[in-house]
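Please read the structure below before turning to the comments.
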2 protein chains.
Amino acid sequence: MTEPTHLGTREQILATALGLFTAQGYDATSLRQIADQLHMTKAALYYHFPAKEQLLLELTRPLLDGMSRLVTEMRADAQHDEARVLAAYLDLFLTHVDVVGLLSREPATQNHPDVGQRARSLVAAIQQLLTGPDPSPRRVVRTACAMGVIHSVPQIPIDVLDNQRDIVLTAALQALQTDDDTHVKSARA
Amino acid sequence: MTEPTHLGTREQILATALGLFTAQGYDATSLRQIADQLHMTKAALYYHFPAKEQLLLELTRPLLDGMSRLVTEMRADAQHDEARVLAAYLDLFLTHVDVVGLLSREPATQNHPDVGQRARSLVAAIQQLLTGPDPSPRRVVRTACAMGVIHSVPQIPIDVLDNQRDIVLTAALQALQTDDDTHVKSARA
DNA sequence: GTCTATAGGCAGATAGAC
DNA sequence: GTCTATCTGCCTATAGAC
């Protein structure tokens, strides 16, 4: 066991890595930078993690597992409520904002089977389950817009976002379920 | 992608670079890859472009100039119509989907003064002009959601997106202007 | 658990022949 | 305009001392 005051080197490394990955991207962040910021050497990092990739895996797993759970629940309950699903999805994003921001921005990670590919297939699954069977093109676009609202969460200033969860949720819901008679007035550019 | 008519080596290089940058990210794409795909060598690339960075600059300039123009127009017309602005913003995104996708995902480019920083300040300016003076937190979040809808455009399948412009636009508008009595039912997770 | 030292690779960029 | 050859620098990762 580590000392109560100490966060544990492992966790410190992960936290620092997340910060740098988020700020600069995964590729652009070298182990040297992570080590320097922790007043360590690269070699010390390799004592805790067998490879750079492992940092990414451990950072993203909690979010991805959460999304996985959501998909499972949606499949189990065919009559899932749209609002409940969007709410759960949003809360997942709020809990893991940093990781979401990293994943959505980082093309370097998007071909990794256990990270990018897994994330994409989970988002696709949720989107498809949310869209429902045999959807109209309109429904497909609307679902994408609703998820777009939630995906925009990482770009909202944190201080503003606090306690504004329901506003985002309402916006997402409205993007999804529109009265068909709501029209664009004179919006051509 | 490439026309049967000769495009000019310069344009071919730019097109190839955009494709690879979009697929893999800027950092992750080496000049060697670009050269290989064009059956050239790295050195040949350097005849046309003085540095890798220049590829990014030329690829993003059209979009950024368009956003710049929009900001200027908004500033000139204080009574700008929300719908018109969102429509113009959306059309900008539709015209430059690939570049938008690249820019929004690529942290490696986001600290470059003439690319990432410029893009961010332009988005911020549009957002602020759209939000209006002395906004409520709700208004700030709603504006972010509306722009989130438009920002989701690169993630909508292209074949579905065709002719669905107005659906996206309507969704964005609704995210922006909500009746305050629209409530979330039982959406707590 | 952390260090020094270094292997081995590939990146961006340049020089100069053709 | 395109090539070959090469420079320089930083990267991930490993070996082994303390």
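Remember, it's a predicted structure, so these values are computed and weren't measured experimentally. Just so we're on the same page: letters track the sequence lines, and every chain starts at 1.
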Heavy-atom protein contacts under 4.0 Å, nucleotides 3-16 of chain C, coded B base, S sugar-phosphate only, - none: BB------SBBBB-
Could you list all the salt bridge (Lys or Arg N to Asp or Glu O under 4.0 Å) pairs where at least one residue sits in residues 40-63 of chain B, not counting sequence neighbours?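 As it turns out, the salt bridge (Lys or Arg N to Asp or Glu O under 4.0 Å) pairs with a partner in residues 40-63 of chain B, which skip direct neighbours, are B:R10-B:E58.
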Residue pairs involving residues 110-135 of chain B (criterion salt bridge (Lys or Arg N to Asp or Glu O under 4.0 Å); sequence neighbours excluded): B:D65-B:R118
Contacts of type salt bridge (Lys or Arg N to Asp or Glu O under 4.0 Å), residue A:D77, not counting sequence neighbours: none
Can you check the [X] [atom1] to [N] [atom2] distance for me, whole Å?
| X | N | atom1 | atom2 | answer |
| --- | --- | --- | --- | --- |
| A:I13 | C:dG1 | CD1 | P | 10 Å |
| A:Q54 | D:dA13 | CD | P | 11 Å |
| A:Y47 | D:dC18 | OH | C1' | 14 Å |

I'd like to check the side-chain hydrogen bond (donor to acceptor under 3.5 Å, both in side chains) partners of B:Q128; sequence neighbours left out, ordered by chain and number.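 Checked B:Q128 against side-chain hydrogen bond (donor to acceptor under 3.5 Å, both in side chains); zero matches.
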Please enumerate all residues that pass side-chain contact (heavy atoms from CB on, under 4.5 Å) together with B:T95, with sequence neighbours excluded. none
